[in-house]
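The structure appears below as C-alpha cells.
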Amino acid sequence: MSSELRGRRGSFIVLEGCDRTGKTSQCKTLVDKLMQADIQARYMNFPDRGTQCGQLINGYLTRKDDFTDEGIHLLFTLNRWEKTREMEQLLRSGVSLIVDRYSFSGVAFSSAKGLDLDWCKAPESGLLKPDLVILLTLSPEAMAKRGGFGDERYEVPAFQKKVIEKYSILKDDRYWKEIDADKTFDNLTEELYNEVLNSIKNSGDKAIEKLW
C-alpha cells in the first residue's frame, strides 16, 4: 500500500473515549502495525505533558496543583495549539497521525463539570480537524474492572457517565465511528486497523480542514 501513498498527505486519526478504554495501548500498537506495513505514522497524545503547558496540566491531573475549571480548560486548549504547526507539517509530509485524545475530550470533560458546551468549543475552533474520530465505548462496569482505574482526578464512574453523554452530543457521523472496546485486545486492534487503513486511503488527496 505504501507505493500508493507517495505524494499524498497523511491522515489525522483520533481515538476518543472514557478513561481506561485502552486508547493509549491501541494507538501505539496501530502505529507499530502501520510502520511494519511501510506506512509512515506517528503517535501523539493530549495532553502532551512534555511541554511547559503540559507540565502544569500534569500537576493538575495528579492532584498536585489546582486551577479553576475555566483555567484548566484553556490550558488543555493551549496544549493542543502548541502542537498544531508540527502536526500540519507531518500530515503534509505524508505522515499519518494516530492521536490519543483531542479537542473532543477537552470539551466533553469540561462541559461534564458544568461549563457551557459552546464556551468550551470556542477556543478549540480553528485547530486541525481530524479525518477520522474513533469513539471507544465501554460500560461503567467494564471500565471499573480495568487496571489503574481511579488513579487520576477524573476517574470516577459517575463523572465518566456524564462524559459519555457529552461525547454523544459532539459526535458527528460524517467522520466519527463508534466501536465497543469490550473485546480482546487483538480483536479490537484488528477492527481499529481496518478503519485506520480506510481513512489513510481516503484522506490523501483531501484538503486539511479546520475544526468547528
Side-chain angles (χ1 to χ4, degrees), residues 12-24 27 44-85 87 97 99-140 143-144 146 148-179 181 209-212:
F12 176 15
I13 298 157
V14 174
L15 264 65
E16 286 283 7
C18 286
D19 293 321
R20 306 296 163 183
T21 50
K23 292 180 301 302
T24 303
C27 283
M44 297 182 85
N45 69 300
F46 291 103
D48 181 337
R49 304 187 196 208
T51 69
Q52 260 188 311
C53 179
Q55 288 166 21
L56 291 172
I57 292 169
N58 185 60
Y60 172 82
L61 290 174
T62 54
R63 300 189 179 95
K64 293 186 184 77
D65 298 311
D66 222 352
F67 295 96
T68 64
D69 291 342
E70 293 84 355
I72 193 63
H73 180 78
L74 293 173
L75 281 177
F76 272 101
T77 301
L78 175 59
N79 192 234
R80 286 181 275 278
W81 280 107
E82 287 179 301
K83 305 294 286 187
T84 297
R85 189 174 297 166
M87 292 168 71
L97 301 179
V99 181
D100 177 5
R101 294 201 181 284
Y102 194 55
S103 298
F104 316 101
S105 279
V107 174
F109 277 74
S110 291
S111 60
K113 288 190 283 184
L115 297 182
D116 179 75
L117 189 87
D118 289 333
W119 184 91
C120 294
K121 287 172 73 173
E124 310 277 336
S125 178
L127 287 168
L128 303 182
K129 179 183 175 184
D131 297 293
L132 172 66
V133 178
I134 298 174
L135 179 64
L136 293 179
T137 60
L138 203 60
S139 71
M143 195 186 305
R146 298 274 171 124
F149 186 81
D151 288 350
E152 290 197 330
R153 186 181 288 255
Y154 295 139
E155 292 177 348
V156 179
F159 182 76
Q160 295 285 321
K161 186 169 181 290
K162 287 183 187 175
V163 172
I164 293 167
E165 291 166 2
K166 299 301 181 183
Y167 274 130
S168 69
I169 296 169
L170 293 169
K171 190 179 174 211
D172 184 335
D173 291 333
R174 289 170 296 182
Y175 65 107
W176 283 54
K177 177 92 178 177
E178 191 171 320
I179 292 178
E209 295 183 39
K210 299 294 174 69
L211 193 60
W212 299 320

Could you tell me whether K171 and E178 make a salt bridge, using a distance below 4.0 angstrom between a side-chain N and a carboxylate O? yes
State, to 0.1 Å, how close [X] and [Y] come at their nearest heavy-atom pair, and which atoms those are.
| X | Y | result |
| --- | --- | --- |
| C53 | E82 | CB-OE1, 3.4 Å |
| L138 | A181 | CD1-C, 3.9 Å |
| L117 | S111 | CD1-OG, 3.5 Å |
| K113 | D69 | NZ-OD1, 3.6 Å |
| F67 | L56 | CE1-O, 3.8 Å |

Step-by-step side-chain contact (heavy atoms from CB on, under 4.5 Å) determination, M87 to M44: CA-CA 9 Å; M87 292 168 71; M44 297 182 85; 3.6 Å; yes
How far apart are the C-alpha atoms of L128 and T84, what are their side-chain angles, what is the distance that settles it, and do they pass the side-chain contact (heavy atoms from CB on, under 4.5 Å) test? CA-CA 7 Å; L128 303 182; T84 297; 3.9 Å; yes
From V163, T77, L115, residue fulfilling side chain to side chain contact (heavy atoms under 4.5 Å, CB included) relative to S110: L115
If you measure from [atom1] on [X] to [atom2] on [Y], what distance do you get to the nearest 0.5 Å?
| X | Y | atom1 | atom2 | value |
| --- | --- | --- | --- | --- |
| K83 | R80 | NZ | CZ | 13.5 Å |
| S103 | W81 | OG | CH2 | 8.5 Å |
| I57 | L75 | CD1 | CG | 5.5 Å |
| N79 | L74 | CG | CG | 12.5 Å |
| L61 | I72 | CG | CD1 | 6.5 Å |
| K129 | L211 | NZ | CG | 8.0 Å |

Do [X] and [Y] have side chains that approach each other closer than 4.5 Å (heavy atoms only, starting at C-beta)?
| X | Y | value |
| --- | --- | --- |
| T137 | I179 | no |
| E16 | I134 | no |
| K177 | L132 | yes |

Would you say the side-chain atoms of S105 and Y167 include a donor-acceptor pair closer than 3.5 Å? yes
Evaluate Y175 against D131 for side-chain contact (heavy atoms from CB on, under 4.5 Å), listing each step before the verdict. CA-CA 6 Å; Y175 65 107; D131 297 293; over 6 Å; no
For atom NZ of K162, decide whether the heavy atoms of other residues, nucleotides or ligands shown that lie under 6.0 angstrom number more than 12. no
For this output row, return yes or no: ring centroids of F104 and W212 closer than 6.0 angstrom. yes
F12-Y102 aromatic ring centre distance below 6.0 Å: yes
Strictly distance-based, threshold 3.5 Å: is any side-chain N or O of [X] a donor or acceptor partner for the main-chain N or O of [Y]?
| X | Y | value |
| --- | --- | --- |
| S125 | K121 | no |
| H73 | V107 | no |
| R101 | G17 | yes |

Test side-chain contact (heavy atoms from CB on, under 4.5 Å) applied to L136 and K23, step by step: CA-CA 8 Å; L136 293 179; K23 292 180 301 302; 3.9 Å; yes
